[in-house]
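As structure tokens, the structure follows; a few thoughts come after it.
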Amino acid sequence: MTNNDLSQRGNFGSKFGVIAAAAGSAVGLGNIWRFPYVAGENGGGAFLIIYLAFILGIGVPVMLSELLIGRRGQLNAFGSFKKLSKGKWYLVGLMGIVAAFLILAFYTTIAGWTLEYLMQSFINGFEGKSSQELKNSFETFQSSTFRPVLWQLIFMAMTAGIIMAGVQKGIEKYAKILMPLLVALIVIMCIRSVTLPGAKEGLAFLFNPDFSKITWSVVFDALGQAAFSLSIGMGALITYGSYIKKDNNLTVTAFQVSIADTMIAILAGVMIFPAVFAFHIDPTAGFGLVFIVLPNIFEQMTGGYIFSIIFFILLAVAALTSTISVLEVVVAYFVEELNLKRKKATILAASSISFIGIFCTLSFGSLSEFKILGLTIFGLFDEVSANYLLPIGAFLIVIFLGWVLGKDIIKDEISNQGTLKTRFLGLYMFIIKFIAPIAIALVFLYSIGLLKF
Ligand code: PHE
């Protein structure tokens with residue numbers, strides 16, 4: 001870093017700002033659109049138990065590790081690794097930047113859809129449509145060219161606008177407004193949903209454990225889902241960590257953010273499944289759950305007009321606070337390593353990612369026949385980032401902390417230079433040295449077939 005010296009780096013102004021921004025990153029489409037159907041399909045409560053174990057045993061320690069690297073390094077993901085170590089560890093940071101490109105490219109496809117559906121809700125576009133018609137409209141929209149791409153670009157422009165405003169006046173300010181809004185909206189939606197007749201069955205589907213559904217591939221999905229949902233393994237939290245002040249208790253922050261993320265994921269299930277069952281719809285509708293099934297429900301439900309607007313605002317808000325954190329990974333890198341001004345860096349990052357993002361969007365339409373390794377471009381980016389780059393990133397991050405960085409630095413950061421008690425330090429060190437890397441490696445190698453029991 002040359003022309004942007006450290007004293008000019010942005011930082012988060014308040015503790016609530018830190019939590020709002022980091023939880024904003026974690027809580028996203030992964031919680032509201034992905035978690036409910038993955039959990040529902042994979043054994044409900046049984047999946048939930050495995051998921052919670054991963055969140056606690058791997059997610060929280062990795063999150064703490066990332067925040068620590070960032071705050072110690074005081075730089076972007078690449079720069080922080082470079083500063084804290086000799087050797088090639090900066091490649092882990094670079095891998096995070098690549099992951100950010102891939103994630104943002106496909107994520108803005110879905111985020112764009114949420115804007116289309118928000119608009120449809122406003123103009124009462126679901127009114128009077130049968131389930132089949134709603135399905136057809138979704139498929140027609142999804143496979144068209146102009147509208148999904150336009151919404152994707154609008155979503156990216158909103159993200160870029162907030163990023164350009166800076167860390168405190170952009171990221172933190174909007175997170176502090178949007179996250180409480182999100183919590184309020186999801187609570188309203190949950191109350192509506194559980195008071196529908198027949199809601200019980202939906203809750204049973206989500207919570208009753210069915211262990212017969214647990215296979216290695218389900219365990220693999222649970223790990224990928226936990227990593228994706230917590231935004232770990234790609235440097236978003238290293239970047240945010242670099243904006244956290246020295247007096248913030250990182251352990252507490254990592255716990256609070258993980259708890260918030262998990263609660264919102266569970267609430268999303270509580271919001272969606274009772275409604276799905278109340279209206280006798282197939283709960284394993286996957287992708288279409290949010291864009292076909294829910295409009296169908298809103299259409300039949302008293303007050304559906306208002307609730308559909310609330311729901312799609314909720315989805316868009318959740319997506320926006322996440323895309324912000326992913327774009328910031330790339331922008332911080334461009335600013336600090338390529339010496340660009342923030343505005344230029346944002347324009348460069350947003351436009352180059354949008355360029356590849358368009359291919360993801362078109363992979364539901366004109367490019368749907370174009371496959372690599374049997375997957376569309378969207379599918380490939382999703383799979384490669386969530387199931388490969390994030391777990392590998394998380395693995396390398398804990399190895400780096402556990403075996404390279406050294407206990408003194410870790411203790412110094414966790415105790416805020418000796419001012420906080422470090423009761424969990426021993427446990428934390430044990431987890432990042434042994435438990436987390438071994439667990440990630442086992443699940444990973446087993447699932448890709450390199451290991452057999
Ligand atoms: N955690 C976000 C979600 O659940 C997605 C995300 C992944 C954001 C990685 C940042 C980094 O939707």
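Both ligands and their constituent atoms are indexed starting at 1 by order of listing. The first residue of the sequence shown is numbered 1, and numbering continues consecutively from there. Quick caveat, the model's predicted, so the values are computed rather than measured.
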Of the protein's non-hydrogen atoms, which lies at the shortest distance from atom 9 (C) of ligand 1, and what is that distance?
-> S231 CA, 3.6 Å
For ligand 1, which atoms have a heavy atom of N31 less than 4.0 angstrom away?
-> 4 (O)
Pick whichever of Y107, F35, F228, W33 has a heavy atom sitting closest to atom 12 (O) of ligand 1.
-> Y107
Spell out, as yes or no, whether a donor-acceptor pair under 3.5 Å connects the side chain of R342 to the backbone of I163.
-> yes
In the protein, what heavy atom is nearest to atom 4 (O) of ligand 1, and what distance, to one decimal place, separates them?
-> A26 O, 3.0 Å
Any idea which atoms of ligand 1 are less than 4.0 Å away from a heavy-atom of S229?
-> 1 (N), 4 (O)
If you round to the nearest 0.5 Å, how far is SG of C190 from CG of L267?
-> 4.5 Å
Compute the shortest N/O to N/O distance between L29 and ligand 1 and return yes if it is under 3.5 Å, no if not.
-> yes
Ligand-side contact atoms (ligand 1) for residue partner V326, heavy atom cut-off under 4.0 Å = 8 (C), 10 (C), 11 (C)
Any idea which atoms of ligand 1 are less than 4.0 Å away from a heavy-atom of S25?
-> 1 (N), 2 (C), 8 (C), 10 (C)
Can the positive tip of K433 be found less than 6.0 Å from the middle of the six-membered ring of W403, inside 45° of the ring normal?
-> yes
Mind checking whether W113 and F364 have parallel, tilted or perpendicular rings, split at 30° and 60°?
-> perpendicular
So for R34 against ligand 1, with non-hydrogen atoms under 4.0 Å, the contacting part is neither
Please say whether S325 places an N or O atom under 3.5 Å from an N or O atom belonging to ligand 1.
-> no
Is there a nitrogen or oxygen of G30 sitting under 3.5 Å from a nitrogen or oxygen of ligand 1?
-> yes
Sub-6.0 Å ring centroid separation between Y240 and F12 = yes
Quick one: do E413 and K246 make a salt bridge, cutoff under 4.0 Å?
-> yes
Do F444 and Y388 have ring centres separated by under 6.0 Å?
-> yes
Go through ligand 1 atom by atom and flag the ones less than 4.0 Å from a non-hydrogen atom of M234.
-> 11 (C)
Side chain R71, main chain Y243, donor-acceptor under 3.5 Å | no
